[in-house]
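Scope of the values below: all heavy atoms of this structure, side chains included, with no hydrogens, waters or symmetry mates. Chain letters run A, B, ... following the sequence lines, proteins first, then strands; residues in each count from 1.
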Amino acid sequence: MTFEIKTSSTDCSARAGIITTDHGQIETPIFMPVGTAGSVKAIHQRELNDDILAQIILGNTYHLYLRPGLEVLKAAGGLHKFNHWDKPILTDSGGYQVYSLSGTRKLTENGVIFSSHIDGSKHEFTPEKVMDIQRIIGADIIMAFDECTPYPCDYQYAKKSMDLTHQWLKRCITAFDNSEPVYGYSQTLFPIVQGSVYRDLRKQSAETIASHGREANAIGGLSVGEPTEIMYELTELVCSILPKDKPRYLMGVGTPANLLESIALGVDMFDCVMPTRNGRNGMLFTRNGIINIKNKKWEMDFSPIDEESDCFVDQFYTKAYLKHLFKANEILGLQIASIHNLAFYLWLVKEARKHIIEGDFLPWKTRMVEQVSRRL
RNA sequence: GGGGAGAUACCAGAGUGGCCAAAUGGGGCAGACUGUAAAUCUGUUGGGAAACCUUCGGAGGUUCGAAUCCUCCUCUCCCCA
């Protein structure tokens, strides 16, 4: 994997770049749709390509390991062949599940023992095992095994957890560097900064992560419930320490406004379930603000979902029809909302890139943040 | 014509003397959702800011107190002829 910066903003830390992988290029800043179980929920690959213009998608180690399982993935020839996505894939390590499944897991010295959310069976994840699984899944970008701390999180725990993540990282790196890709193309390991909301821990973690000199770096443990301002302050701090010439990936973020603000702070990559999950729950993100399509006010609104969008569903379907689909529990509603939201997210980062290159990112960003945050 | 069952909030449907402005579902209205245990979850749904007022087919009655008991009326459904 290589990263080349095309243009850097002069009035903020935003930059436009190109990541090159064996499955093609990614123009940054980029938003990566989440496809946890090997599928971006409710979306066809054709829509991902032609309507949403996705350049890279995510998969999840924990979920894919449990189902379909490594035997199937290996026999399929890796996730790219299995789900027929031939552009880049990034897999999360299961570090987020250490957090979100905290009720059914146990931390050990060696790693984490999970109870499967599917059948309750016990499975152990260690840094070595997680590297091995991600080799077999065959993602272009694989994530270090970390612990995503909850919020709030007391200092002692945050420190202990950060140290654990750092130890695990060393083991991840050893395991990764001493193993080979399973399917011929190269894979890249991203380490992850932790440290909860504590500036000194974040600083220490960013320095530790940077010292490993990997090809890119990720920021984890944010957008877990802390105030947005704190998230921005920590992102800014961490970005100021992580090397400038390497991609920075802010994990799990966020709202359209979060993306724009974070791009200004120097973040290049994002992923978030929000456009898909919230879309399935009736929330539409648009350049003019946020719509809850289930609300009565859209019942008689026969205007297109988004008249300024080039995306097929935005022109083809009306708000009133989409409202009806949601109320009638029709599966098509979920599909339309998901396509719309992802297309909007990809449009937003593409537009951000354009303005970075044109040199007017900051004023454009300020205007857009206000616009996309409105409630319609 | 004879016999039986029933009428409860937007709908379905519990409740059969006080703890009932009335369970539960559905529907309606709104809210939440940030590296997906999520087509999920939460709130609310007679009026009123509140004290309180008006409700359980209708009209009377019994009782300190009635959706619940009694009388009559209206209507619905089922079975037999």
Side-chain angles (χ1 to χ4, degrees), chain A residues 31-43 56-64 66-67 89-105 114-120 130 134 139 141-151 165 190-194 218-228 231-232 235 249-259 261-262 267 269-285 290 292-299 323 325-338 341 345 375:
Chain A
F31 178 80
M32 308 180 282
V34 178
T36 305
S39 151
V40 178
K41 293 186 193 297
I43 307 279
I56 169 173
I57 61 172
L58 259 68
N60 183 280
T61 300
Y62 166 83
H63 291 272
L64 291 167
L66 287 182
R67 199 164 50 189
I89 293 177
L90 180 154
T91 40
D92 184 32
S93 62
Y96 187 76
Q97 280 62 46
V98 178
Y99 151 81
S100 68
L101 301 175
S102 61
T104 59
R105 61 113 228 246
F114 285 106
S115 281
S116 158
H117 69 281
I118 299 163
D119 63 5
V130 166
Q134 292 186 97
I141 297 170
I142 76 177
M143 301 306 299
F145 191 49
D146 65 336
E147 186 194 5
C148 178
T149 46
Y151 178 85
T165 289
F190 283 23
I192 304 170
V193 174
Q194 287 290 340
I219 307 166
L222 291 178
S223 64
V224 288
E226 78 284 0
T228 310
M231 177 172 87
Y232 293 150
T235 301
Y249 165 28
L250 180 55
M251 305 182 75
V253 174
T255 65
N258 290 162
L259 263 56
E261 296 293 5
S262 303
V267 176
M269 305 167 73
F270 301 90
D271 78 282
C272 191
V273 304
M274 204 173 250
T276 41
R277 180 193 284 168
N278 290 27
R280 290 195 306 281
N281 293 332
M283 188 171 183
L284 304 184
F285 298 96
I290 294 163
N292 182 345
I293 200 64
K294 291 194 269 196
N295 285 177
K296 193 176 183 63
K297 64 202 286 191
W298 308 112
E299 193 163 46
K323 192 248 181 201
L325 292 177
F326 266 93
K327 285 298 179 180
N329 234 316
E330 286 291 334
I331 198 164
L332 179 61
L334 311 182
Q335 299 178 287
I336 293 172
S338 300
N341 278 348
Y345 267 61
R375 295 275 171 166

Rounded to whole angstrom, note down the [atom1] distance from [N] over to [M].
N: B/U71; M: B/G26; atom1: C1'; result: 38 Å
N: B/C20; M: B/G15; atom1: C1'; result: 9 Å
N: B/G58; M: B/C75; atom1: P; result: 15 Å
N: B/A22; M: B/A12; atom1: C1'; result: 16 Å
N: B/G61; M: B/U76; atom1: C1'; result: 26 Å
N: B/C41; M: B/G46; atom1: P; result: 23 Å
N: B/C69; M: B/C56; atom1: C1'; result: 16 Å
N: B/U62; M: B/A9; atom1: C1'; result: 27 Å

A/Ser262: side chain to side chain donor-acceptor pair (under 3.5 Å) partners, not counting sequence neighbours: none
Nearest-angstrom distance from the residue atom CZ of A/Phe326 to C1' of B/A30: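 Taking CZ of A/Phe326 and C1' of B/A30, I get 16 Å after rounding.
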Those residues that, when tested against [X], pass salt bridge (charged side-chain N to carboxylate O under 4.0 Å, His left out) (two or more places apart):
X: A/Glu226; answer: none
X: A/Arg280; answer: none
X: A/Lys296; answer: A/Glu299

What does [N] pair with, Watson-Crick or G-U, if both distances are under 3.5 Å?
N: B/C72; answer: B/G58
N: B/A9; answer: none
N: B/A49; answer: none
N: B/U42; answer: B/A30
N: B/C20; answer: none
N: B/U63; answer: none
N: B/A14; answer: none

Protein-to-nucleotide contact annotation, 5' to 3' order, nucleotides 31-39 of chain B [B base; S sugar-phosphate only; - none; under 4.0 Å, heavy atom]: SBBBBBBBB
Aromatic centroids of A/Phe270 and A/Phe31 separated by under 6.0 Å: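 No: the rings miss the under 6.0 Å criterion.
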Residue list, side-chain contact (heavy atoms from CB on, under 4.5 Å) with A/Ser116, at least two apart or on another chain: A/Leu66, A/Ile118, A/Asp119, A/Ser121, A/His123
Value rounded to 0.5 Å, distance of OH in A/Tyr96 from CG in A/Asp146: 12.0 Å
Short side-chain N/O contact to B/C29 OP1/OP2 from A/Lys327, under 4.0 Å: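 Yes, A/Lys327 has a side-chain N/O under 4.0 Å of OP1/OP2 on B/C29.
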